[in-house]
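One-based numbering along the sequence shown.
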Amino acid sequence: MRSIYFLLVFLLLSLQGFSQFTSGQNGVVDPANAGFPNPKTQQKGGQQSSNKSGRAALDDSTKQVYGPQTVHYFLESDAVNSDVVQRRIDTSLTLLHRYLYQERDGFLTTNLGNQGTAYRDVFTRAPKTLGTPMGYQAYMPYAFQADQIRYYQTKSPYSDVTYNLGAGGQTNLNFAFARNVDSLWNVGVEIQRLVADKNLTDAAFKSGDLSLTGQWGVLLHTNLTSRNKRYRLLGHVNYFDQGTNDQGGIRLTSGQTPADALKYIDNTALLADSKSQSNDQFLKLHLYHEFIGFKGLQLFQQLDAETRKVKFRDLAFQTNLATGFYPRTYINYIQAPASDSLYNENQWRSYSHKSGIKGIFRQFTYRAHIKQRYWSAYNPLNQMTMDKLENYAGLWLRQQVGKSIDFQAEGEYLIGSDYLLKASLRSPWFWASYQRTSLSPTLANQWVYNTSFRWENNFKNIEFDQLAGGVELTTKHFYLKPSVTIQRLGSWVYHDSLATPTQAKEAIAVFRTSVALGGNFGRFEWQSQVNANTQTGPDVMRMPSLVANLNLALNVQYKKLLYMQFGLDVIGQSAYYGDTYQPAIQQYHLQNRYELPAYVQVDPYVSLRINRVRLFFKMANVTQGLLTDNYYSAYLYPAMGRGFAFGVKWLLFD
C-alpha cells in the first residue's frame with residue numbers, strides 16, 4: 001500500500017514538473033538559477049496596488065512568474081537580535097539525499113538504528129537554556145524546534161512537499177504551505193509524518209504488525225507587521241505526538257555474543273511479547289511581539305505555554321524483569337496483575353513570559369530582559385505534584401566593527417540558582433567563544449516513581465565550561481576550517497549501568513579537535529568533517545575518539561533540462577562502549593558489557609532535478625557484509641542494514 005501511494009505521488013510530481021518545464025518559463029531555463037525561473041523576469045505583472053485598509057495588495061496576475069527569488073523567510077532570532085535578514089529557499093542538489101535526522105546533523109547524533117527512535121548526541125553539547133528541564137528528551141529532536149521555525153514573506157502561495165522512503169520502512173512525509181494575506185501579514189502551516197518498521201522479531205511482527213514508530217507534527221505560524229513598521233508579531237502553535245512499540249534491542253541466545261548477532265537479520269527482540277509502548281505528546285503556544293518606538297529604545301515580549309504528557313507501559317513486566325531487562329521491582333507479587341504491571345507517566349505544564357528593552361546605536365546593539373517561568377509536574381501513580389516559580393534577569397550586548405568583526409556577550413541569572421555567561425568574537429578569518437553555565441539537573445534525574453525505578457534526589461547544579469575557537473580559510477574553490485573545543489564538566493549527572501542517576505564527584509575534561517575540509521573543481525565537489533575526541537576524569541561519559549564523514553559528488557547537466565549529481569557518502573566511527581537505552585524512563589545509560597566496534601558505512605547515491613522537482617536515489621550501507629557484518633548504533637540495537645532509499649522534493653510558488 002505504501003509503494004502504491006508513493007507511485008501516485010511520484011507520477012503527479014513528475015507530470016507537474018514536466019508541464020511547468022514546457023510552459024511555465026516559455027522554454028527558458030537559467031542554469032545559474034538552478035533550473036528555477038529567472039529572477040530577472042519575476043517582476044513582470046507584479047505591480048502593487050492600494051486598498052482601503054492602506055495596506056499594499058499583491059497582484060496575483062497570471063502574468064507574474066514566481067520563484068525562489070520572490071520568497072524569503074527569517075527566524076525569530078533575527079527579529080530578537082534586530083537583524084534584517086532575508087533567507088532564501090535552498091534549491092540545490094547538495095546533500096539532498098541526507099534525509100534522516102542524524103544525516104542532517106552531520107552524523108554527530110544517533111538513535112536506536114531506526115528513524116523515530118530515541119535520539120541522542122554523540123558528543124556532549126553546551127546547554128542553551130537555564131532552569132529545570134523536564135529531562136525526557138529522547139524524542140524531542142523529531143519535533144519542530146522553536147528556534148528553527150521559518151516565518152515567511154511570499155508574493156504568492158508557497159508550498160514545499162517532501163516525501164522520503166528508506167530501508168526498514170523509514171518514511172518521512174512533510175508538507176509546508178505559506179502565503180501572504182497581504183503585504184504585511186503571512187500565515188502558514190507545516191505537517192510532518194514519520195513512521196518506521198521493526199527490524200527485530202517479536203510477537204506482533206510474527207502476526208504481521210510491523211509498526212515500530214509513528215509520529216505526527218503539526219505547526220501553525222504567522223507573522224504580522226504594522227503599516228508604519230513600528231510593531232511586529234510572530235507566533236506559532238506546535239503540536240507533537242509520538243508513539244513507539246519498544247523492542248529493547250536484540251535478545252542474545254545461549255552462548256551468542258553481540259558480534260555474532262550482527263550476522264543475522266531475524267533476531268528476536270528482548271521485549272518479545274510486544275506489550276511495551278512509549279508515548280510522548282505536547283502542545284506548545286508561543287508568541288513574540290515588539291514595539292519600535294525609537295531605534296535606540298524598543299520594547300519586546302515573549303509568551304510561552306506548554307502542556308505535555310510522557311507515558312510508558314509494559315504489560316509483560318514480570319517476564320521482562322525475569323530476563324534482566326529491568327533491574328528491580330518495588331511490588332511484592334509472583335503473578336503479574338491484569339492491568340499495567342509497569343507504568344510510568346509524567347504530566348508537565350509550564351508558563352513563561354519574558355519582557356524587556358532593546359535598541360541599536362550605530363553598530364552597537366543591546367537587549368535586557370526579565371523573565372518569569374512557572375512549571376509543574378504531576379505523577380498519577382503516587383498522586384504527587386512538584387512545581388516551582390523561577391525568576392530570571394538577562395543582558396545581551398553586541399558590537400560590530402566595520403562589516404567583518406562581530407563581538408557578542410550575554411549573561412542570564414536564575415535568581416538563587418542557575419547562571420549563564422557567554423562571549424564570542426567572529427571575523428572572516430577566525431572565531432572564538434567561551435561559555436560558563438551552572439545548570440539545574442533535570443526533573444527526570446531528580447524525581448521518578450514507578451514499579452521498577454524510584455528516586456528522589458537533591459543533586460547540586462552541574463557546572464559546564466566550554467572554550468572553543470577556529471580558523472576559516474576560504475578561497476573560490478577550497479575551504480579549510482580547523483577548530484578546537486575544550487570542555488570541563490563538574491558534578492555531571494549520568495545514569496549508571498542500572499539506569500540509576502548518579503552525580504560524579506570529579507570533573508570531566510574533554511578536548512576535541514575538528515577539521516572541515518571541502519571545495520569544488522569544475523564539476524566535482526567534496527566536503528568532509530573529522531572530529532577527534534579525548535577526555536580525562538571518571539569514565540562516566542562515553543564518546544567515540546573519532547567520528548568522520550566525507551561526501552564526494554560529480555555534477556552533470558543534460559541539455560539544460562536535467563541536472564544530475566552522482567555521489568558517495570562515507571561515514572566512519574571508532575570503537576567505544578556506547579550507551580544502551582531504558583525506555584521506561586526514556587534515558588540512555590552506561591553499559592560495560594560490550595565495546596561497540598568501529599565501522600565504516602558507504603552510501604552511493606544519485607540526485608536529479610527536473611525543473612522544480614528534485615529527487616534522489618541511494619543505496620544505504622552498501623558495504624554491509626563486505627567490510628563488516630553490520631554495527632550497533634547503541635548496545636544491542638543494530639544499525640539499519642543495506643537498503644534502497646529514495647525521495648522527492650517539490651517546490652511550488654504559485
Greater than 12 external heavy atoms within 6.0 Å of Leu498's CG
yes

With side chains defined as the heavy atoms from C-beta onward, is the minimum distance between Val613 and Val648 less than 4.5 Å?
yes

What's the shortest heavy-atom distance between Gln565 and Tyr605, and which atoms?
OE1-OH, 3.5 Å

I'd like to know if the side chain of Asn279 and the backbone of Gln242 have a donor-acceptor N/O pair within less than 3.5 Å.
yes

When you look at Phe205 and Leu200, which way does the side chain to side chain contact (heavy atoms under 4.5 Å, CB included) test go after all the steps?
CA-CA 8 Å; Phe205 186 96; Leu200 300 176; over 6 Å; no

Does a sphere of radius 6.0 Å around OH in Tyr264 hold more than 12 heavy atoms from other residues, nucleotides or ligands, not counting ones at 6.0 Å or beyond?
no

So which atom in Asn445 and which in His495 form the shortest heavy-atom distance, rounded to 0.1 Å?
OD1-NE2, 2.8 Å

Mind checking whether Thr244 and Tyr139 have side chains closer than 4.5 Å, heavy atoms only?
yes

Hey, does Phe653 have a side-chain heavy atom less than 4.5 Å from the side chain of Pro68?
yes

Where the side chain of Tyr119 meets the backbone of Gln102, is there a donor-acceptor pair that is under 3.5 Å apart?
yes

Asp209/Lys206 ion pair, N-O < 4.0 Å
no

Between Phe453 and Val448, the two heavy atoms sitting closest are O-CG1, 3.4 Å

Does Val187 offer a backbone N or O that forms a donor-acceptor pair with the side chain of Thr222 under 3.5 Å?
no

Between atom OG1 of Thr91 and atom CG of Leu96, what is the distance when rounded to the nearest 0.5 Å?
11.0 Å

Which atom names give the shortest non-hydrogen contact between Asn245 and Lys198, and what distance separates them?
CB-CE, 4.1 Å

Considering only heavy atoms from C-beta outward, does the side chain of Leu210 approach that of Leu212 to under 4.5 Å?
no

Member of Phe644, Tyr99, Phe646 meeting the ring pair (Phe, Tyr, Trp, His ring centres under 6.0 Å) criterion with Phe616:
Tyr99

Under 3.5 Å, side chain of Asp241 to main-chain N/O of Gln215, donor-acceptor pair present?
no

Run the side-chain hydrogen bond (donor to acceptor under 3.5 Å, both in side chains) check on His589 and Asp579 step by step: do they pass?
CA-CA 5 Å; His589 65 92; Asp579 291 349; over 6 Å; no

I need the minimum non-hydrogen distance between Ile585 and Gln587, along with the two atoms involved.
O-CG, 3.0 Å

Taking the six-membered ring of Tyr343 (Phe, Tyr or Trp), confirm whether the NZ or CZ of Arg313 is under 6.0 Å from its centre and within 45° of its axis.
no

When rounded to the nearest 0.5 angstrom, what is the spacing between CD in Gln247 and OG1 in Thr268?
10.0 Å

Can Asn555 and Glu525 be counted as having a side-chain donor-acceptor contact under 3.5 angstrom?
yes

Is there a side-chain hydrogen bond (donor to acceptor under 3.5 Å, both in side chains) between Tyr136 and Asn346 once you walk through the steps?
CA-CA 10 Å; Tyr136 295 90; Asn346 284 275; 3.1 Å; yes

Backbone N or O of Gln624 within a donor-acceptor pair of the Arg642 side chain at under 3.5 Å?
yes

Begin with the C-alpha distance, continue with both residues' side-chain angles, and end with the deciding distance and a verdict on side chain to side chain contact (heavy atoms under 4.5 Å, CB included) for Asp603 and Ile571.
CA-CA 8 Å; Asp603 300 346; Ile571 307 101; 4.0 Å; yes

With no hydrogens and no angle check, is any side-chain donor or acceptor of Gln145 less than 3.5 Å from a backbone partner on Met140?
yes

Is the Tyr637 ring parallel, tilted or perpendicular to the Tyr581 ring (thresholds 30°, 60°)?
perpendicular

Partner of Tyr326 under side chain to side chain donor-acceptor pair (under 3.5 Å), chosen from Asp314, Asn320, Thr451
Asp314

On a heavy-atom basis, which atom in Tyr142 and which in Thr117 lie closest, and how many Å separate them?
OH-O, 2.6 Å

Among Leu100, Asn621, Asn199, Asn111, exactly one meets side-chain contact (heavy atoms from CB on, under 4.5 Å) together with Met640. Which residue is that?
Asn199

Looking at Arg614 and Ser92, would you say the former's side chain and the latter's main chain have a donor-acceptor pair under 3.5 Å?
yes

side-chain hydrogen bond (donor to acceptor under 3.5 Å, both in side chains) between Glu190 and Asn174, worked out
CA-CA 7 Å; Glu190 189 167 355; Asn174 185 280; 3.2 Å; yes

Distance (rounded to the nearest 0.5 Å) between Tyr101 OH and Gln170 CD:
12.0 Å

Answer yes or no: is there a donor N or O on one side and an acceptor on the other, between the side chain of Gln383 and the main chain of Leu381, under 3.5 Å?
no

Of Tyr576, Tyr594, Tyr599, which is the lone residue that meets ring pair (Phe, Tyr, Trp, His ring centres under 6.0 Å) with Tyr631?
Tyr599

Geometric class of the His221/Tyr151 ring pair [parallel <30°, tilted 30-60°, perpendicular >60°]:
perpendicular

Do Gln277 and Asp246 have side-chain atoms, one donor and one acceptor, less than 3.5 Å apart?
no

May I have the step-by-step check of side chain to side chain contact (heavy atoms under 4.5 Å, CB included) for Asn533 and Leu546, ending in yes or no?
CA-CA 6 Å; Asn533 189 80; Leu546 181 67; over 6 Å; no

Mark yes when over 12 heavy atoms from residues, nucleotides or ligands other than Arg193 sit less than 6.0 Å from its CZ; otherwise mark no.
yes

Taking it one step at a time, do Tyr563 and Ile610 satisfy side chain to side chain contact (heavy atoms under 4.5 Å, CB included)?
CA-CA 7 Å; Tyr563 297 82; Ile610 307 172; over 6 Å; no

Using the salt bridge (Lys or Arg N to Asp or Glu O under 4.0 Å) rule, collect all pairs that involve residues 91-114, keeping only residues at least two apart or in two chains.
Arg98-Asp569, Glu103-Lys618

Backbone N/O of Gly113 and side chain of Ser633: donor-acceptor pair under 3.5 Å:
yes

What residues form a salt bridge (Lys or Arg N to Asp or Glu O under 4.0 Å) with Asp160, not counting sequence neighbours?
Lys649

When you measure from the side chain of Asn238 to the backbone of Leu285, do you find a donor-acceptor pair of N or O atoms at a distance under 3.5 Å?
no

